[in-house]
Amino acid sequence: MIRVLLADDEAMIRAGVRAIVETDPRIEVVAEAADGREAVDLALAHRPDVALLDIRMPRMDGLAATAEIRRVAPATAVVVLTTFGEDAYISRALGDGASGFLLKAGDPRELITGVHAVADGGAYLSPQVARQVIARFGGGRAAREAEAVARLEGLTQREREVLALVGAGLSNADIAARLFLVEGTVKSYVSAILGRLGMRNRVQAAVLAYEAGMVDTSDT
């Protein structure tokens with residue numbers, strides 16, 4: 001079972017998210033919080049696999065809660081729930097250790113996909129959110145893509161294949177199955193990629209994969 005903590009100051013939103021994720025028999029919501037401070041306390045108490053956090057909450061917002069949860073409960077992966085127009089917050093959260101970003105108004109199936117991805121040690125970016133983040137970084141699309149492609153020059157072909165699958169939100173186990181590798185080898189590849197690119201986490205690598213045109217978003 002994947003144990004999940006929900007945090008949103010609107011009870012109806014929490015109920016909706018809970019109803020969606022619990023359609024998957026492998027996901028269990030173990031706690032709900034109405035603000036960021038409560039989310040941190042419940043993360044410590046329940047040690048969930050995944051915390052789904054709204055950005056705008058009282059007492060402590062989702063960004064501060066993300067950083068605090070990652071500090072006090074590092075085994076808990078954080079997925080940030082956002083709306084269009086909050087790209088500045090998303091950019092900040094990249095450095096706070098969030099493993100995924102989902103739109104509240106997105107496809108409900110993305111919630112389940114995102115929870116599974118981050119619970120398995122992967123990263124998940126809603127394609128629409130990825131576009132927001134990329135746009136926030138500034139520059140034209142062609143310029144950003146050229147810059148991203150240039151950053152990949154030091155990667156081997158196999159590392160590029162792994163990076164593309166990281167960008168698609170696959171976990172290490174999924175990448176291993178796709179590329180016929182053992183999971184430990186994939187972990188080594190991901191660590192090497194992050195080191196070569198000077199990145200802190202998989203989400204930053206996923207954004208770069210989007211920028212470089214490595215992830216197919218034609219169906220979104």
Side-chain angles (χ1 to χ4, degrees), residues 1-83 86-87 89-126 129-130 133 166 169-173 200-207:
M1 294 293 292
I2 300 173
R3 304 171 70 253
V4 173
L5 162 67
L6 302 179
D8 195 296
D9 58 328
E10 297 186 40
M12 288 187 67
I13 297 294
R14 294 200 307 273
V17 172
R18 182 174 195 141
I20 291 169
V21 298
E22 287 192 335
T23 61
D24 187 325
R26 295 168 294 175
I27 298 176
E28 175 188 11
V29 176
V30 296
E32 294 184 22
D35 59 64
R37 182 70 262 169
E38 185 181 11
V40 174
D41 293 341
L42 290 174
L44 275 170
H46 293 274
R47 303 287 177 169
D49 302 300
V50 178
L52 291 172
L53 306 181
D54 184 28
I55 287 182
R56 297 183 180 181
M57 294 186 289
R59 291 214 293 168
M60 178 185 287
D61 66 22
L63 297 178
T66 294
E68 187 66 7
I69 288 173
R70 295 298 298 148
R71 185 182 71 83
V72 302
T76 298
V78 176
V79 175
V80 175
L81 300 177
T82 183
T83 60
E86 292 184 330
D87 43 303
Y89 295 105
I90 298 169
S91 298
R92 283 178 51 196
L94 280 172
D96 288 334
S99 297
F101 297 90
L102 292 167
L103 282 176
K104 286 184 177 180
D107 187 334
R109 292 172 297 182
E110 285 190 351
L111 270 173
I112 295 173
T113 300
V115 167
H116 277 281
V118 302
D120 289 340
Y124 189 83
L125 285 170
S126 165
V129 171
V133 175
V166 167
L170 273 66
S171 67
N172 288 341
R200 295 176 57 188
N201 56 53
R202 294 171 73 108
V203 178
Q204 292 177 333
V207 170

For [X], side-chain contact (heavy atoms from CB on, under 4.5 Å) partners two or more places apart:
| X | answer |
| --- | --- |
| Ala117 | Tyr124 |
| Pro58 | Asp9, Asp35 |
| Asp24 | Arg26, Ile27, Ile112, His116 |
| Val72 | Val40, Leu44, Glu68 |

Kindly indicate, with the supporting measurements, whether the criterion side-chain contact (heavy atoms from CB on, under 4.5 Å) is fulfilled by Asp107 and Thr113. CA-CA 10 Å; Asp107 187 334; Thr113 300; over 6 Å; no
Any residue meeting salt bridge (Lys or Arg N to Asp or Glu O under 4.0 Å) with [X], in chain and number order, not counting sequence neighbours:
| X | result |
| --- | --- |
| Glu10 | none |
| Arg37 | Asp41 |
| Asp49 | none |
| Arg14 | Glu32 |

Is Met1 atom CE crowded by more than 12 heavy atoms from other residues, nucleotides or ligands, each under 6.0 Å away? yes
With rounding to the nearest 0.5 Å, note down the distance linking CG in Leu111 to NZ in Lys104. 11.0 Å
Which pair of heavy atoms, one from Thr76 and one from Arg70, lies closest together, and at what distance? O-NH1, 2.8 Å
